[in-house]
Amino acid sequence: MSEDPGIRRLAAIMSIDIAGFSAISEADEGEAAGLVARLRALLDGLALQEGGRIFNTAGDGFMLEFCSAAGAVNAAAALRASDEGARVRVGLHMGDVLATAGGDLLGHGVNVAARLQQLAPQGAVVVSVDVQRAVRGKLARRLHPFGEVQLDKMSESIEVFTLEAAPANRLRGKRNEVVLAVLPFDNESGDAAMDYFAEGVADEVIVTLLRQSALKVIGRTSAFQFRGARKSEAAAALRVTHVLDGAVRCSGAHMRVAAQLIDAASGVAIWSERYTGERADAFALEETIAAKVAAALKHSLTQSERAAAPIDPAAHELYLRARQVWLDLSDVSEVQAAVLLERCIKLAPNFAAGWAALASVRAFLLPRDRDVIGAPAHRAALDAANRALVIDPDCATAFAALALLKPGFGAHGEKLALMDEALRRMPNDSSLHLARASFLLGVGRVRDAGAALEDARRLDPLGIAVEGFRANLAAARGNVEDAVEIILDARARWPDSAFIWHRAWTILCLAGRVNEAMALAAPSARPGPEVTERDVDALRTQVALLLTPQAERAKACADLLEAQAQSQGPLELAVIALCAGMGDAAAAFDAIEAALDQGRPIRPDSHDAFGMARAQSAMQIFIPAGGAPLFRSARFPALAARLGLTRYWIESGKWPDCAADAPYDFKAACAEAASRA
């Protein structure tokens with residue numbers, strides 16, 4: 001007699017495993033067992049809450065069944081937001097399954113969920129189109145298109161989505177253009193000290209493509225997250241049509257570079273080549289590779305191809321080292337990069353890219369508490385940017401550096417004009433779109449900043465600066481819950497980033513999640529030397545204010561403003577915004593106007609580093625600190641006039657988004673304030 005084949009039914013299947021579990025077990029078996037136990041307890045609770053059950057386990061893997069797609073996605077969202085969420089990979093599919101007498105589930109629907117889980121990067125939830133079609137509302141808007149993927153050991157391809165912290169942006173139209181990811185080249189030299197050189201070659205190919213071709217190229221920060229075995233995941237995760245990969249081997253003065261261009265849909269290499277020569281030829285080789293990639297993809301160069309100017313190979317290596325360290329978004333790294341770049345341009349005085357990079361680094365190292373226009377350090381940065389433009393009038397990064405050298409509260413139109421010039425020359429550089437977004441937010445054009453950020457995110461979807469700014473922008477739009485999810489995801493991904501640490505602090509405080517914010521003050525939670533005791537003291541002060549009973553907050557704010565007034569240091573705009581929103585707005589405006597009358601320096605907030613230049617300080621005015629934003633006060637237009645904003649709004653005719661939300665005639669008040677300024 002044949003066995004009962006079981007009952008066939010439709011179910012939502014969730015497949016889960018712990019990323020890197022073998023390595024965790026090898027390092028600490030007790031920790032590995034505890035992690036599995038904690039995950040099991042969490043999944044039991046989520047299954048009970050969402051109408052599901054665990055039907056299979058194997059080591060660190062779990063399979064769950066839910067009666068609805070919405071229940072499965074809700075459970076996945078809760079898992080993703082938990083402490084264990086950053087450690088797991090999750091796949092979700094809805095399809096036919098076969099229930100056995102013992103309660104196990106079999107069939108194609110289970111297999112698809114397992115394949116999606118294998119496809120998912122650590123900390124990610126990958127969802128099939130069948131699940132996406134079955135959910136509605138806010139949850140559905142959090143499912144971002146991931147592209148069409150070929151499932152391992154299956155003949156079919158399937159459209160998939162990722163569950164993200166915030167709703168997906170509405171696409172302006174179906175994207176069918178060629179999009180390229182240049183992955184970090186492998187170092188095959190047998191010397192880890194040459195990693196910087198191998199990555200630098202790939203990095204410079206990106207820069208050359210951005211400068212010379214019409215291709216859309218994914219930003220370095222996102223593309224370089226895919227190394228080793230993870231390179232196979234890059235095309236789907238970054239939603240690109242093509243991938244450029246390669247390897248570099250150096251032996252003394254000799255160099256060998258292999259590169260191949262792969263069609264992401266078919267996995268076929270459509271171009272590959274091997275080069276041998278001297279390390280002194282690296283600079284010219286990068287432009288050769290970039291030109292051949294563009295030609296292979298049948299994109300004409302926007303500029304006529306020019307022979308690479310000869311450059312001292314030692315200078316080129318210094319430039320590659322500098323680029324690798326200064327992208328850490330910290331003053332410590334920027335100081336190191338400045339030293340390397342100064343040595344670089346001394347060896348290669350006609351290297352425009354070196355001068356432009358030095359100008360940008362010097363801009364970030366200028367004081368954030370005051371403008372130093374005309375000071376030696378500012379003149380040196382300005383000279384570097386102008387020197388780059390003399391050598392190469394189309395050097396986009398030099399225009400961006402000039403924008404970063406403008407005053408903190410002024411020249412708003414000039415900053416945006418310089419960024420437009422930079423983007424005309426290099427329209428596919430994510431960092432330029434992001435810088436433009438920061439200047440747009442600095443004049444209150446939140447929606448326009450969002451559009452610029454969308455452009456940056458398309459080109460650098462996993463960029464650390466992109467994610468930090470995305471959280472800020474969500475907060476500025478009033479979407480505080482989205483901001484929290486975005487920044488906590490970023491914190492899990494980059495726990496050693498001081499930039500993300502600070503963003504997490506401000507957004508958790510804004511959301512009233514004071515215990516989580518205060519936990520960031522613990523020594524174990526501080527990411528490195530960039531986080532100072534002053535940063536931690538500022539965090540504790542903000543948390544203390546939030547914990548103060550409502551009836552006593554006005555007095556607490558008055559005390560905080562008095563302490564600012566008595567301080568010998570610069571006035572902090574973040575403190576003014578916090579006190580205006582949480583306590584007495586009149587006293588807060590009195591404090592900043594008194595500081596302006598006295599010529600006292602104004603700084604955006606308490607910290608000195610974290611990847612922000614003085615020129616971007618005006619963003620702080622439009623990033624909420626809690627309570628009513630500054631623009632709600634009728635005294636805001638007078639302050640905006642003193643900070644150069646009303647002049648920009650009136651002359652450009654481009655008004656901030658808050659003009660429509662203020663409880664008074666915003667434009668008339670600004671015109672009156674401008675006439676008195």
Side-chain angles (χ1 to χ4, degrees), residues 10-17 19 61-66 68-77 79-80 85 88-97 107-171 174-176 179 181 218 222-223 225-226 229-243 262-267 457-458 461-462 489 493:
L10 184 68
I13 304 299
M14 177 189 292
S15 176
I16 303 166
D17 82 343
F62 297 85
M63 300 291 288
L64 286 78
E65 175 193 19
F66 294 86
S68 72
V73 177
N74 274 322
L79 172 60
R80 190 175 184 278
V88 301
R89 305 182 301 170
V90 181
L92 286 181
H93 179 59
M94 188 146 191
D96 281 341
V97 297
H108 187 63
V110 176
N111 294 337
V112 171
R115 298 293 189 274
L116 294 177
Q117 172 251 300
Q118 293 168 5
L119 178 70
Q122 180 175 336
V125 178
V126 175
V127 173
S128 72
V129 66
D130 301 278
V131 172
Q132 185 265 346
R133 287 171 178 161
V135 294
R136 298 288 184 271
K138 184 177 180 181
L139 201 60
R141 293 193 294 274
R142 289 177 55 184
L143 297 176
H144 293 222
F146 192 74
E148 192 168 281
V149 298
Q150 179 79 42
L151 298 180
D152 187 36
K153 299 180 181 178
M154 292 187 180
S155 60
E156 67 179 308
S157 60
I158 184 173
E159 186 180 0
V160 296
F161 297 76
T162 58
L163 177 65
E164 302 292 348
N169 293 320
R170 293 180 180 175
L171 298 179
K174 186 175 181 179
R175 189 174 80 177
N176 54 13
V179 184
I218 295 295
S222 292
Q225 291 184 39
F226 296 90
R230 289 202 66 206
K231 285 188 173 184
S232 62
E233 304 168 8
L238 298 172
R239 300 178 60 212
V240 298
T241 60
H242 295 79
V243 170
I262 301 167
D263 179 87
S266 65
R457 194 169 177 229
R458 285 189 180 120
L462 301 176
D489 280 349
R493 186 175 292 166

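Keep in mind it's a predicted model, so treat the numbers as computed, not measured. Both backbone and side-chain heavy atoms feed into the values below; hydrogens, waters and symmetry mates do not. Along the sequence shown, residues are numbered consecutively beginning with 1.
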Given the rule in the side chain to side chain contact (heavy atoms under 4.5 Å, CB included) test, do Val90 and Val126 qualify, once you have shown the distances and angles that lead to the verdict?
-> CA-CA 6 Å; Val90 181; Val126 175; over 6 Å; no
CD of Gln118 to OG of Ser15, rounded to nearest 0.5 Å, is 7.5 Å
With Arg230 via side-chain hydrogen bond (donor to acceptor under 3.5 Å, both in side chains) - residues at least two apart = Glu233
Got a sec, which residues hit side-chain contact (heavy atoms from CB on, under 4.5 Å) with Ser68, two or more places apart in sequence or on another chain?
-> Ala70
The side-chain contact (heavy atoms from CB on, under 4.5 Å) partners of Ala75 (sequence neighbours excluded) come to Met14, Leu46, Glu50, Phe66
Spell out, as yes or no, whether a donor-acceptor pair under 3.5 Å connects the side chain of Arg80 to the backbone of Val125.
-> no
Please identify each residue that fulfils side-chain contact (heavy atoms from CB on, under 4.5 Å) with Ala134, with sequence neighbours left out.
-> Ala69, Met94
Listed by chain and number, what are the side-chain contact (heavy atoms from CB on, under 4.5 Å) partners of Arg89, not counting sequence neighbours?
-> Asp17, Ala19, Gln117, Ala120
Pairwise side-chain contact, Leu92 with Ile13, heavy-atom cut-off 4.5 Å (strictly under) | no
Find out whether Ile16 and Leu79 are in side-chain contact, i.e. whether some heavy atom of one side chain is under 4.5 Å from a heavy atom of the other.
-> yes
Mind checking the CG-CD spacing from Asp130 to Glu159? Nearest 0.5 Å is all I need.
-> 10.0 Å
Would you name the heavy atoms of Leu238 and Ser222 that are closest together and state the gap between them?
-> CD2-CB, 3.9 Å
Separation between CZ (Phe161) and OG (Ser128), nearest 0.5 Å, reads 9.0 Å
Decide yes or no for Val243 and Phe226: does some side-chain heavy atom of the first lie under 4.5 Å from some side-chain heavy atom of the second?
-> no
From CZ (Arg115) to CD1 (Ile158), nearest 0.5 Å | 12.0 Å
Side chain to side chain contact (heavy atoms under 4.5 Å, CB included) between Leu10 and Asp96: does it pass, once the steps are laid out?
-> CA-CA 5 Å; Leu10 184 68; Asp96 281 341; 4.1 Å; yes
For the student: nearest non-hydrogen atoms of Val127 and Gln132, plus distance = CG1-N, 4.0 Å
Can you check whether Leu462's main-chain N or O pairs, donor with acceptor, with Gln225's side chain at less than 3.5 Å?
-> yes
Would you please test Asn74 and Val135 for side chain to side chain contact (heavy atoms under 4.5 Å, CB included) and show each step?
-> CA-CA 10 Å; Asn74 274 322; Val135 294; over 6 Å; no
